[in-house]
Protein chains: 2
Amino acid sequence: MKSEKPNLSAIAHTLGVSVATVSNALSGKGRVSTELAERIRDTARSLGYVPSVAGRALRTGRTGVLGLVLPDIANPLFPQIAQAIEQAASSAGYGVLIGDSRGAVEQQTQAILRLIDRGVDGIIVIPRRGTRISDIGCPVAVIDTPATPGNTVASDHWGGGEEMGRHLRELGHERVLILGGSPLSNVQSDRIGGLRAGLGSSVRAEVLWLEQHAETHGADAPLGLAAMVKDGVTAFAGLSDLTAVRALTELQAAGIAVPEAASVTGFDDLIWSSVITPSLTTLRMDMAEIARQAVQALVAVIAGLPQGRVTALGTVVADSNSVPMMLMLRQSSGPRAVDNRNVEGDEA
Amino acid sequence: MKSEKPNLSAIAHTLGVSVATVSNALSGKGRVSTELAERIRDTARSLGYVPSVAGRALRTGRTGVLGLVLPDIANPLFPQIAQAIEQAASSAGYGVLIGDSRGAVEQQTQAILRLIDRGVDGIIVIPRRGTRISDIGCPVAVIDTPATPGNTVASDHWGGGEEMGRHLRELGHERVLILGGSPLSNVQSDRIGGLRAGLGSSVRAEVLWLEQHAETHGADAPLGLAAMVKDGVTAFAGLSDLTAVRALTELQAAGIAVPEAASVTGFDDLIWSSVITPSLTTLRMDMAEIARQAVQALVAVIAGLPQGRVTALGTVVADSNSVPMMLMLRQSSGPRAVDNRNVEGDEA
DNA sequence: CTGAAAGCGCTTACAG
DNA sequence: CTGAAAGCGCTTACAG
């Protein structure tokens, strides 16, 4: 027979005790006799008691909500990130309020400010390119590259790139074209550095920056990949799956067989990379782990815990922790050195 | 010289007036002399006053936060939706808390309940397939199909499908394969109905359900589209861009030229459809408009306004409002009837 | 036009 | 171990 939203005083009333005692029992902090505490919990449950976030927030100054600020919600990687963060936050007892830095850099500041005004306890920021998140007057955790200063969690983009580079080298590729978006991206720089290291000095690797290409040739202009194949390039390493799929379809449309004549690889394991033909070898970030660490790092700051130390709850993340990426080997990784060589001649 | 978070009483203090007056002046509701009101606003601004959401929420019972529940955050359409909702909510003065119905249907209920417990003023739900959002004890707006009962906003999927069907018919296609995911999806049913209507009775159209195909042949099994082209199919209408890209790459990998030998079209205008070669003709939902209407409809319910009526703020959304889709004509729409016929013969 | 007061639901010292 | 009281910041009748 539970009526409208029961509150602490309703529970106190039905049991003939004080609200203070109810509060103490429910929070488990105050010292309440185990017997009474149990009765209180039972009543709370049967009454369908849900603590008022507003009341608690007003009193404690905490809202139990984290902000998530992304460079651009429209980014195809956003679903993976948001899902992981939502999950991690949720199991840490936090809600997630979204913010969008879309467009200009000031938008990022605006988004952060709006979230702070909304009373979030802390913010997880994936910074816009070329942006550094300094002191924003609110606990913050950043997801970027391991080199990023501050309370940062990151994928090991460099290590991932290295793995991919090694993979391509072992397949026998000797000329690789790396397809990047913007040289301003820390993430992409790391991936390129890793790729180059993994490929080694014997493999020739160049970078084609799509942003630059778009400026000179127009956004929709073909990348001229077929000519590069003719020129001896046997592998195209996209710095994201989006780029990789673009390359793949351009090659296919030009009649170049993938992976027989040219390999195409990507990054991020977006859903697309697995449904296309041939599917893409790609590197997946461990978003669940990154999100978990980011939330943990943020919660540690909120709680005022010293960072970078082991606590009862596990290791509190210190500056620049990096999470390994996972190579998703798919068919498209393709050509053994020999096959590739053979077919390449035919096709070109 | 502004110190820690100023509150109403800080403003009242500096001006030697009461907090009630400050509150009234700032909210614009109470009758305060214009002159004093102005001074109050000035002081508030110079002090950097930001109202406490917790205090206000506790008093008014409103948090100024909307919940957004999605069937699966990992869905590639999520970015578009989330961005539009965030934008619309933000300009209506609301924050957006995300919820994820990922996985089972009960998750949807769980997500909704969690959001309610967090004190959201209302929830925007994009229901899982085969789910109906009934009375959830909290204002709600649904984004689904126009036929969905309740406080619903929707894209005109049927109309969009019809437009696409007409487009394909006018290009001269006589056999079309529709690529769907699941027959349980209302959205997809609408799109198919529209497609069929637009194609007319002279065009032969069949549906391949990918979910079914995956069950019988395995998730990664090729769809055998090349054989269908040989069989006379000249157009593949994906019910989503994801499906369309899958079809496109499968065709290309089989050596079938798109759009010369077969057309591929999609739905949703995901970013991928514009970067691939050839780019995809697709139908874009007017997410901004849908989001605006959904937020407006939800706010109307929250405010207790009668629905389906014209108010000072514009038309309050009634049951089942539908927003037109926009055809994005791209190169891939391709073959005129004649060209298509010609090439088809060659390729098959 | 302005102000004093009550109260939203909670937690936290402080008494008892 | 339990309770009375204060107060977080706000808004809203109600007086004046």
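Labels below follow one simple rule: chain letters A, B, ... track the order of the sequence lines, proteins then strands, and each chain is numbered from 1. Only this structure's heavy atoms are used, side chains among them; waters, hydrogens and symmetry mates stay out.
In this structure, B:Thr60 reaches the sugar-phosphate backbone alone: every heavy-atom distance under 4.0 Å involves primed, P, OP1 or OP2 atoms, never a base.
Remark: A:Ser23 is in phosphate contact with C:dT11, judged by side-chain N or O atoms under 4.0 Å from OP1 or OP2. For A:Ser33 and D:dT2, the shortest distance from a side-chain N or O to OP1 or OP2 is below 4.0 Å. A sub-4.0 Å separation between OP1 or OP2 of D:dC10 and a side-chain N or O of B:Ser52 is absent. In this structure, B:Arg59 does not reach the C:dG7 phosphate: none of its side-chain N or O atoms is under 4.0 Å from OP1 or OP2. Note on A:Thr21: every side-chain N or O is 4.0 Å or more away from OP1 and OP2 of D:dT2.
Salt bridge B:Arg102/A:Glu86: absent, no basic N to carboxylate O contact under 4.0 Å.
The pairing partner recorded for D:dA13 is none, the criterion being a Watson-Crick or G-U wobble arrangement whose two distances lie under 3.5 angstrom. Figure legend. C:dA4 is base-paired to no nucleotide; pairs are counted as Watson-Crick or G-U wobble with both atom distances under 3.5 Å.
The nearest whole Å value for the distance from the CD1 atom in B:Ile11 to the P atom in C:dG3 is 14 Å. A:Leu26 has its CG atom 12 Å from the C1' atom of C:dT11, to the nearest Å. The separation between B:Arg62 atom CZ and C:dG9 atom C1' is 18 Å, rounded to whole Å. As rounded to whole Å, 12 Å separates atom P of C:dC10 from atom CG of B:Asp117. When the C1' atom of C:dC8 is taken as reference, atom CZ of A:Arg56 falls 16 Å away, rounded to whole Å. Here the C1' atom of nucleotide D:dT2 and the CG atom of A:Leu15 are 13 Å apart, to the nearest Å. Counting to the nearest Å, the P atom of C:dG7 and the CG atom of A:Leu8 are 18 Å from each other. For the pair B:His13 NE2 and C:dG3 P, the interatomic distance rounds to 14 Å; values are reported in whole Å.
Toward the 5' end of DNA chain D, the nearer of the two residues A:Leu36 and B:Ala20, judged by each one's closest nucleotide, is A:Leu36. A residue-by-residue look at B:Val19 and B:Leu58 shows that B:Val19 has its nearest nucleotide of DNA chain C further toward the 5' end.
Between A:Asn75 and A:Pro79 the shortest heavy-atom distance is O-CD, 3.8 Å.
A:Leu298 pairs with exactly one of A:Asp121, A:Ile123, A:Ile124, A:Val142 by the side chain to side chain contact (heavy atoms under 4.5 Å, CB included) rule, that one being A:Ile124.
Proximity note for B:Asn24 (side chain, C-beta onward) versus D:dT11, C:dT12, D:dT12: the nearest is D:dT12. Side chain of B:Asn7, nearest nucleotide from D:dG9, D:dT2, C:dC10: D:dG9.
Applying the 6.0 Å contact sphere to CZ of A:Arg129 captures more than 12 heavy atoms from other residues, nucleotides or ligands.
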Could you go step by step and tell me if B:Gln83 and B:Gln87 meet the side-chain hydrogen bond (donor to acceptor under 3.5 Å, both in side chains) rule? CA-CA 6 Å; B:Gln83 184 160 59; B:Gln87 176 94 326; over 6 Å; no
